[in-house]
Q: 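The structure is given below, and queries will be raised subsequently.
Atoms within a ligand are numbered from 1 in the order they appear, just like the ligands themselves.
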Amino acid sequence: MSFELLTVPCLSDNYAFLAHDADTKATLLVDAPEPEPIISKLKEKNWFLTHVILTHHHWDHVDGLSKLLEYYSPQIIGSSSDTKRLPPIHLPVGENDEIKIGNNVGKVFEVSGHTIGHIAVYFEESKLLFSADSLMALGCGRLFEGTAGQMWHSLQKLSTLPDDTILCSGHEYTETNSNFALTIDPKNQDLLTRHKKIKKLRSEGIPTVPSIMNEEKNTNPFLRPWCKEIRANLDMIEATDEEVFTKIRELKDEY
Ligand code: ZN
Ligand code: FE
């Protein structure tokens, strides 16, 4: 049986995710921004935390863990290349490794860019991709440690996943991302439609995460540096995809 997914808003704009396997009662948490909302969801659902995946070392993804460990003893999973900066990891993982949570098997992607050693995990049966601050709804993470080339390489790997993949990213940044996307891709009808939908959801306080891979492929400028209209708007018709991606990331940083 596939996971039951719960999105848990934390801090001002973070998301943690709980994924529960009813057959085995395994319950996975992806990232631990703050403990209280996570503990209250676990209690509400009567789920017992068995596994935690930490996507990267930033405080807003790991600082809630120590409090959770007062109540639960989950197996903690994180990047083998970043064990020095992450909290103590029981299961270090890297590119293409498999993670078993109950009957669900996840595949690890190494997606450096936002940090070096950021991981994303894809659970095929549930169609869930936990991408945190790599590929995000209408955006991608800022380049704190890696290069634009590394992030572009990371996003290309994730974009090979099926169109119906459910993208569980780490922050509610979608409205600003959408405003920015329209500045470089203003005639994209799918983007215009999505922009309206996002405005409405946010005005009602509803999360825009998770999103669907197909809509990212059609509207997220960071997956579309090949797009002729974007290239024309940036005056970069002859540039490589990586060069256009780099420019889009720079423009977003200044936006
Ligand atoms: Zn981060
Ligand atoms: Fe973050």
Q: Can the ring centres of H61 and H171 be said to be less than 6.0 Å apart?
A: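 Between H61 and H171, the centre distance is under 6.0 Å.
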Q: Of all N, O or S atoms in D133, identify the one at the shortest distance from the Fe ion (ligand 2).
A: OD2
Q: Kindly say whether P225 contributes a backbone atom to a donor-acceptor pair with the side chain of R231 at under 3.5 angstrom?
A: yes
Q: Looking at D60, which of its N, O or S atoms is the nearest one to the Fe ion (ligand 2)?
A: OD2
Q: Under 30°, 30 to 60°, or over 60°: which ring-plane class applies to F222 and F180, parallel, tilted or perpendicular?
A: parallel
Q: The Zn ion (ligand 1) is nearest to which N, O or S atom of H114?
A: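 The Zn ion (ligand 1) is closest to the H114 atom NE2, counting only N, O or S.
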Q: Can you classify the ring geometry of F130 versus F17 as parallel (below 30°), tilted (30 to 60°) or perpendicular (above 60°)?
A: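 Rings of F130 and F17: tilted, as their planes differ by 30° to 60°.
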Q: Would you say H171 reaches the Fe ion (ligand 2) with an N/O/S atom under 2.8 Å?
A: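 Checking H171: at least one N, O or S atom is under 2.8 Å.
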Q: Below 2.8 Å, any N, O or S contact between H61 and the Fe ion (ligand 2)?
A: yes
Q: Does any N or O in the side chain of N103 come within less than 3.5 Å of the main-chain N or O of D23, such that one atom is a donor and the other an acceptor?
A: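 Not a single qualifying donor-acceptor pair exists.
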Q: Can you tell me how far CZ of F123 sits from CG of L5, rounded to the nearest 0.5 angstrom?
A: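 Here the interatomic distance stands at 11.0 Å.
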Q: Please find out if the Zn ion (ligand 1) and some N, O or S atom of H58 are separated by less than 2.8 Å.
A: yes
Q: Can you tell me the N, O or S atom of D133 that's nearest the Zn ion (ligand 1)?
A: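 D133's closest N, O or S atom to the Zn ion (ligand 1) is named OD2.
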Q: Hey, is the Zn ion (ligand 1) within less than 2.8 Å of some N/O/S atom on H118?
A: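 Checking the Zn ion (ligand 1) against H118, no N, O or S atom falls under 2.8 Å.
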